[in-house]
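Here the structure is laid out as structure tokens; the discussion comes afterwards.
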Amino acid sequence: MVIMETSKGTIKIELDGERAPETVENFLQYATEGFYDGTIFHRVIKGFMIQGGGFDANMNEKRTRATIKNESTNGLKNERGTIAMARRPDPHSASSQFFINHATSTFLDKDQARDGWGYCVFGRVTEGMDVIDEIAEVSTTTRNGHSDVPEVAVVIESVTQGE
């Protein structure tokens, strides 16, 4: 279980270390190091997802560790309220960025993905979907070449392990 404190409220997330062990270990290492503290949800698309974990409030991308293996074969689905790793076109390019599904997006699952890989789900929100819904409602703009950026930063203040 992790507790994500944001400028919009608290989100509690149960991680699935049995089905996504490398991904959970990677996420927890970033959390323990304080990497996520002060990062923002830099991509918000209502009815799809909110993405964070890689940029500061000035839209400067943070340096990350090496990328990890895509564990999308774990059977977990991109359903509303699940957390998954963001990545580049290379299926094994996830590092620190993640997204929380605001809606069920089956096209992101391995069995329906165009690239045959999809996106690795590694946990689910247990408390705070109201916070996710509130974040999904913010006004967005284009900034530094990135679209769907909240006009007013939604800050991830901390991510800590909890019960």
**OP:** Check the hydrophobic clustering (I, L, V, M, F, W, Y; side-chain heavy atoms under 4.5 Å; chains of links allowed) and say if Ile68 and Tyr36 are grouped together.
**Re:** no
Subject >> Any donor-acceptor N or O pair under 3.5 Å, side chains Glu25, Gln29 >> reply: no
Residues 146-162 side chain polar contacts: donor-acceptor under 3.5 Å, at least two apart:
none

Subject >> Side chain Asn74, main chain Leu76, donor-acceptor under 3.5 Å >> reply: yes
**OP:** Among Leu15, Asp16, Ile13, find the residue that satisfies the side-chain contact (heavy atoms from CB on, under 4.5 Å) test when tested with Phe122.
**Re:** Leu15
Subject >> Tyr30 six-ring centre to Arg65 NZ/CZ under 6.0 Å and within 45° of normal >> reply: yes
Original post:
Under 3.5 Å, side chain of Gln51 to main-chain N/O of Ala86, donor-acceptor pair present?
Top reply: no
Original post:
Would you say Asn26's side chain and Ser96's backbone share a donor-acceptor pair under 3.5 angstrom?
Top reply: no
Subject >> Main-chain N/O of Lys77 paired to Asp109 side chain as donor or acceptor, under 3.5 Å >> reply: no
Subject >> Ion pair check, Arg80 and Asp133, cut-off under 4.0 Å >> reply: yes
**OP:** Go through the steps for Ile83 and Phe27 under the test side chain to side chain contact (heavy atoms under 4.5 Å, CB included), then give the verdict.
**Re:** CA-CA 11 Å; Ile83 185 170; Phe27 182 82; 4.2 Å; yes
Subject >> Distance, nearest 0.5 Å, that separates NZ of Lys46 from CD1 of Ile132 >> reply: 14.5 Å
**OP:** Please determine if Lys8 and Asp130 form a salt bridge, counting it only when a charged side-chain N lies under 4.0 Å from a carboxylate O.
**Re:** no
**OP:** Tell me whether the guanidinium CZ or amine NZ of Arg87 lies under 6.0 angstrom from the six-membered ring centre of Tyr119 and within 45° of its axis.
**Re:** yes
**OP:** Group every Ile, Leu, Val, Met, Phe, Trp and Tyr by side-chain heavy-atom contacts under 4.5 Å, then state whether Phe99 and Met129 land in the same group.
**Re:** no
Subject >> Results of salt bridge (Lys or Arg N to Asp or Glu O under 4.0 Å) for Glu61 - residues two or more places apart only >> reply: Arg88
**OP:** Would you indicate whether the side-chain heavy atoms of Trp117 and His92 approach each other to under 4.5 Å?
**Re:** yes
Subject >> Side-chain donor or acceptor of Asn58 paired with backbone N/O of Asn60 under 3.5 Å >> reply: no
Original post:
Counting N and O atoms only, with roles assigned by atom type, does the side chain of Lys69 sit under 3.5 Å from a partner on the main chain of Glu22, one being a donor and the other an acceptor?
Top reply: no
